[in-house]
Structures are given as C-alpha cells and as structure tokens.
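Here the structure is a predicted model, which is why all the values come from computation and not from measurement. Throughout, residue positions are numbered sequentially from 1 according to the sequence presented. Values below: every heavy atom of this structure, side chains too, minus hydrogens, waters and symmetry copies.
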Amino acid sequence: LLTSPVTTTQIVLGKFFASFSLYVIMALLTWVYPMVIIIFGNPDVPPIGVAYIGIIGMGAASIGIGLWISSMTENQIISAMGTFVILLFLWLVGWFSNFTSGAFSDFFKYLSIIEHFNDFSKGIFDTGHLMYFAVLFWIIKDDIILLSWLNNTSSNPHEVYHLSIFLSPDCRNTSRLFTKYESMQA
C-alpha cells in the first residue's frame, strides 16, 4: 500500500466501504423476514425501513471504530480486543445513566450507541441520532487519516501529537483542537 499511487484518504475510505458493503449486504439479506410478514400480513412498512436505517447507521459507526483501533496497532488481536472493549463500553454506558443524575446522566445517555438506536428500532426517524452516527464515523475517519499521515511523515520520534474532540449533545457545535507537544530533550 505504501508504494501504490493512491492517497491515504482513498485507502481508508476503500477499507471502510469494503467492510461497510459486506455489512449492508448481510443486513439486507434479513429483509426476507419482513417480506414474509408483508406478504402474509399487513404491517406498517415505514417503521421497518427506519429500523434498517438505524441498523446500517450503527453498523457504520461500529466499523469506523474498528478501523480506528486497527489504525493504531499492527496486531490484529489487539485491534479486535480494543474494538470489542470500546463497543462494549458504548453499549453499557447508557446503563450508567440509571445510576447517576443531572448532567452526568445526560452525558452517559448521549454517549451510548444503543440510546441512539432505540428510536430507530421503534420506527422514529430522528436526524439527531443519525447525525450521531455520521459524526462518529466522520471524526474517526479523519483521525485514521491523521494517524496514517503522522506515521508516514513524523521524522522526530520525540514529538507527541494530541487530538481532542469536543462534541456538544446536539451535534451543532463540533470543534477540533489539534496541538503538538514536543518533549524536552535532556
């Protein structure tokens, strides 16, 4: 890949879309069950479609997290375990909101990937939840590109890069702070 005539962005997007295509194909293969219900019954079809949009959005965010962890390590086992731990955290963090109150409760609910999927599973299309998945994917994609660029261009091993991401609960004010700290050499 290092000698190929493609950019880092193209490599990252290619890896994502290959994984995402496989995920979408697997999700769409489950349309057999709603089709049987539609043929033999009279269900409300739009909520089923909205639930599939939520499934695909949650899958895109999960694949992005997996690619992000994969870009930080060369070991596949560490990458798989790191992805599992982060996805488990994003799944369980919503339950922490039951044990806290006030701002912490709202923060944990907002951070939970399942809380954002619940409205989709009920057939409620909320663009705020869709933006959560999209922003999560987009930030992770940018960080993967940044990590790849830093790995290829950093000539000073004593440089430490720090990327902080701040998201507001309504996803309207997304800001980035990229700072470079150089360690002091004695």
Side-chain angles (χ1 to χ4, degrees), residues 12 15-31 33-34 47-148 161-178:
V12 169
K15 285 174 73 173
F16 172 78
F17 284 120
S19 302
F20 184 65
S21 298
L22 178 65
Y23 180 80
V24 168
I25 289 169
M26 289 189 311
L28 291 180
L29 287 176
T30 64
W31 262 95
Y33 303 113
I48 296 172
V50 169
Y52 272 94
I53 291 171
I55 289 170
I56 290 173
M58 189 168 62
S62 299
I63 290 169
I65 290 169
L67 288 176
W68 179 54
I69 297 297
S70 174
S71 71
M72 289 192 281
T73 180
E74 294 180 9
N75 190 331
Q76 294 175 352
I77 296 171
I78 293 173
S79 175
M81 291 304 296
T83 302
F84 174 76
V85 167
I86 288 178
L87 290 176
L88 183 65
F89 171 76
L90 289 176
W91 181 46
L92 295 176
V93 74
W95 290 341
F96 295 143
S97 65
N98 296 335
F99 304 112
T100 59
S101 62
F104 283 119
S105 178
D106 293 339
F107 175 72
F108 288 142
K109 280 185 181 177
Y110 179 74
L111 199 57
S112 174
I113 200 166
I114 297 299
E115 290 291 327
H116 291 282
F117 175 71
N118 281 342
D119 281 346
F120 286 111
S121 67
K122 296 172 187 170
I124 301 169
F125 186 80
D126 186 359
T127 56
H129 297 311
L130 195 61
M131 283 303 297
Y132 169 83
F133 294 132
V135 167
L136 186 63
F137 161 71
W138 199 258
I139 289 170
I140 288 171
K141 178 200 67 84
D142 287 348
D143 290 347
I144 293 170
I145 292 169
L146 180 68
L147 284 169
S148 300
Y161 290 86
H162 175 69
L163 180 65
S164 301
I165 300 165
F166 302 99
L167 285 177
S168 65
D170 57 354
C171 289
R172 285 182 284 170
N173 300 322
T174 304
S175 62
R176 292 174 172 255
L177 173 66
F178 178 71

Novice: Would you please test Tyr52 and Trp31 for side-chain contact (heavy atoms from CB on, under 4.5 Å) and show each step?
Specialist: CA-CA 9 Å; Tyr52 272 94; Trp31 262 95; 3.8 Å; yes

Novice: For Phe96, is there any backbone N or O sitting under 3.5 Å from a side-chain donor or acceptor partner on Thr100?
Specialist: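 Yes; at least one donor-acceptor contact below 3.5 Å.
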
Novice: First locate atom CG of Leu87, then atom CD1 of Ile65, and finally report the distance between them rounded to the nearest 0.5 Å.
Specialist: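 Here the rounded value is 5.0 Å.
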
Novice: Any side-chain heavy atom of Ile56 sitting closer than 4.5 Å to one from Phe133?
Specialist: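 A side-chain contact under 4.5 Å is absent here.
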
Novice: Are Leu90 and Leu111 close enough that some pair of their side-chain heavy atoms sits under 4.5 Å apart?
Specialist: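 Contact flag for Leu90/Leu111 side chains = yes.
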
Novice: With rounding to the nearest 0.5 angstrom, report the OG to CE distance, Ser121 to Met58.
Specialist: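 The distance works out to 9.0 Å.
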
Novice: Roughly how far apart are His129 NE2 and Ile124 CD1, rounded to 0.5 Å?
Specialist: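 Between atom NE2 of His129 and atom CD1 of Ile124 there are 8.0 Å.
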
Novice: Check this for me: Leu29, atom CG, are more than 12 non-hydrogen atoms of other residues, nucleotides or ligands nearer than 6.0 Å?
Specialist: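 Yes, CG of Leu29 has more than 12 neighbouring heavy atoms, counting only those of other groups under 6.0 Å.
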
Novice: So which atom in Val50 and which in Gly123 form the shortest heavy-atom distance, rounded to 0.1 Å?
Specialist: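 Closest heavy-atom pair between Val50 and Gly123: CG1-C, 3.8 Å.
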
Novice: Under a 4.5 Å cut-off applied to non-hydrogen side-chain atoms, are Ile113 and His116 in contact?
Specialist: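 No. Closest side-chain heavy atoms not under 4.5 Å.
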
Novice: Applying side-chain contact (heavy atoms from CB on, under 4.5 Å) to Phe16 and Ile63, what does each step give before you reach the verdict?
Specialist: CA-CA 7 Å; Phe16 172 78; Ile63 290 169; 3.7 Å; yes

Novice: What's the separation between atom CG in Leu67 and atom CZ in Phe20, rounded to the nearest 0.5 Å?
Specialist: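 Going from CG on Leu67 over to CZ on Phe20, the span is 12.0 Å.
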
Novice: Under a 4.5 Å cut-off applied to non-hydrogen side-chain atoms, are Ile78 and Met72 in contact?
Specialist: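 Ile78 does not reach Met72 side chain to side chain.
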
Novice: Compare every heavy atom of Ser79 with every heavy atom of Ile69, then report the nearest pair and how far apart it is.
Specialist: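 Nearest heavy atoms, Ile69 then Ser79: CG2-O, 3.4 Å.
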
Novice: Find out whether Ile55 and Tyr23 are in side-chain contact, i.e. whether some heavy atom of one side chain is under 4.5 Å from a heavy atom of the other.
Specialist: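 Ile55 vs Tyr23: side chains touch.
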
Novice: Show the numbers, then the answer: is there a ring pair (Phe, Tyr, Trp, His ring centres under 6.0 Å) between Tyr110 and Tyr132?
Specialist: CA-CA 9 Å; Tyr110 179 74; Tyr132 169 83; 5.8 Å; yes

Novice: Could you check whether any side-chain heavy atom of Phe99 comes within less than 4.5 Å of a side-chain heavy atom of Phe108, counting everything from C-beta outward?
Specialist: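 No, side chains not in contact.
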
Novice: If I take atom CD1 from residue Ile86 and atom CH2 from residue Trp68, how far apart are they, to the nearest 0.5 angstrom?
Specialist: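 Answer for the CD1-CH2 pair, Ile86 versus Trp68, is 5.0 Å.
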
Novice: Could you grab the distance from atom CD1 of Ile25 to atom OG1 of Thr30, nearest 0.5 Å is fine?
Specialist: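 Rounded to the nearest 0.5 Å, the CD1-OG1 separation comes out at 12.5 Å.
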
